[in-house]
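What follows is one structure encoded as structure tokens, with my remarks underneath.
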Amino acid sequence: QVQLVESGGGLVQPGGSLSLSCAASGSIFTLNAMGWYRQAPGKQREFVAGIFKGGSTTYADSVKGRFIVTRDNAKKTVYLQMNSLKPEDTAVYYCNAVAVAASGSPPFASWGQGTQVTVSS
């Protein structure tokens with residue numbers, strides 16, 4: 001089992017910035033990809049940003065150039081720096097991680113509990 005604990009959500013005005021973090025703990029042999037998804041009211045959960053163990057990143061088109069995903073492998077933590085926030089970024093943001101519990105075991109995905117981000121004046 002892997003536990004993911006998110007922090008950093010809140011209320012911010014349009015154009016502002018907010019930073020999220022997500023720390024992983026539990027039975028972790030190795031953490032592969034880590035990333036962020038979001039779900040707005042009445043909409044499906046969507047991919048936001050991801051980062052692989054080696055540091056390569058990928059972003060949804062809607063956040064490219066505004067959001068930055070990073071990770072600290074020693075701390076088993078992934079971060080999301082959100083800049084130039086827009087009202088349409090309002091959603092519950094979920095951390096996701098793909099981990100391997102033991103050598104030779106298959107990878108599995110875990111989710112955080114979610115943190116609310118509200119962009120409003």
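Numbering of residues begins at 1 and proceeds along the displayed sequence.
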Task: Between SG on residue C22 and OH on residue Y93, distance to nearest 0.5 Å - done: 15.0 Å
TODO: Would you check, one step at a time, whether the test side-chain contact (heavy atoms from CB on, under 4.5 Å) holds for S25 with V5?
DONE: CA-CA 8 Å; S25 62; V5 179; 5.7 Å; no
Task: ring pair (Phe, Tyr, Trp, His ring centres under 6.0 Å) partners of Y37, counting only residues at least two apart - done: F47, W111
Task: Straight-line distance of T58 OG1 to K64 NZ, nearest 0.5 Å - done: 6.5 Å
Open item on the list: Taking salt bridge (charged side-chain N to carboxylate O under 4.0 Å, His left out) as the definition, give me every residue that meets it alongside R66, ordered by chain and number, with sequence neighbours left out.
Closed with: D89
- [ ] Scan I51, N73, N96 and name whichever one has a side chain to side chain contact (heavy atoms under 4.5 Å, CB included) with V78.
- [x] I51
Open item on the list: side-chain contact (heavy atoms from CB on, under 4.5 Å), that's the test. Do F67 and L18 meet it? Break it down for me.
Closed with: CA-CA 10 Å; F67 290 12; L18 209 57; over 6 Å; no
Task: Residue pair Q3 / Q1: nearest heavy atoms and the distance that separates them - done: NE2-CB, 3.6 Å
TODO: Kindly work out whether a path of hydrophobic side-chain contacts (I/L/V/M/F/W/Y, heavy atoms less than 4.5 Å apart) joins Y94 to V69.
DONE: no
Open item on the list: According to a hydrophobic-cluster definition based on side-chain heavy atoms being under 4.5 Å apart (Ile, Leu, Val, Met, Phe, Trp, Tyr only), do Y79 and L85 belong together?
Closed with: no
Open item on the list: Tell me if the CD atom of E88 is crowded by more than 12 foreign heavy atoms within 6.0 Å.
Closed with: yes
TODO: For side-chain contact (heavy atoms from CB on, under 4.5 Å), just list the numbers for K53 and R71, CA-CA rounded to whole Å, side-chain angles, deciding distance to a tenth of an Å, and then say yes or no.
DONE: CA-CA 8 Å; K53 189 177 181 181; R71 64 188 284 173; 4.3 Å; yes
- [ ] Look at the side-chain heavy atoms of Ile, Leu, Val, Met, Phe, Trp and Tyr, link any pair under 4.5 Å apart, and say whether F52 and V98 land in one connected group.
- [x] no
Task: Smallest separation among heavy atoms of G112 and E6, with atom names - done: CA-OE2, 3.4 Å
- [ ] For F29, enumerate each residue passing the ring pair (Phe, Tyr, Trp, His ring centres under 6.0 Å) test, keeping only those at least two apart in sequence or located in another chain.
- [x] none
TODO: Compare every heavy atom of K75 with every heavy atom of T77, then report the nearest pair and how far apart it is.
DONE: OG1-O, 2.9 Å
Task: Nearest heavy-atom neighbours spanning S17 and N83 - done: OG-OD1, 3.0 Å
- [ ] Working to the nearest 0.5 Å, report the span between CD of Q44 and CD of Q39.
- [x] 8.0 Å
Open item on the list: Please find the pair of heavy atoms, one from L80 and one from A49, that lie closest to each other, and give the distance.
Closed with: CD1-CB, 4.1 Å
- [ ] Just do the side-chain contact (heavy atoms from CB on, under 4.5 Å) check on L11 and S120 with the steps written out, would you?
- [x] CA-CA 7 Å; L11 172 65; S120 175; 4.2 Å; yes
TODO: Looking only at non-hydrogen atoms, find the nearest pair between A24 and V2 and report the distance.
DONE: CB-CG1, 4.3 Å
- [ ] Would you confirm whether Q81, through its side chain, and I68, through its main-chain N or O, come within 3.5 Å as a donor-acceptor pair?
- [x] no
Open item on the list: Hydrophobic cluster membership, with links at side-chain heavy-atom distances under 4.5 Å among I/L/V/M/F/W/Y: are V100 and I28 in one?
Closed with: no
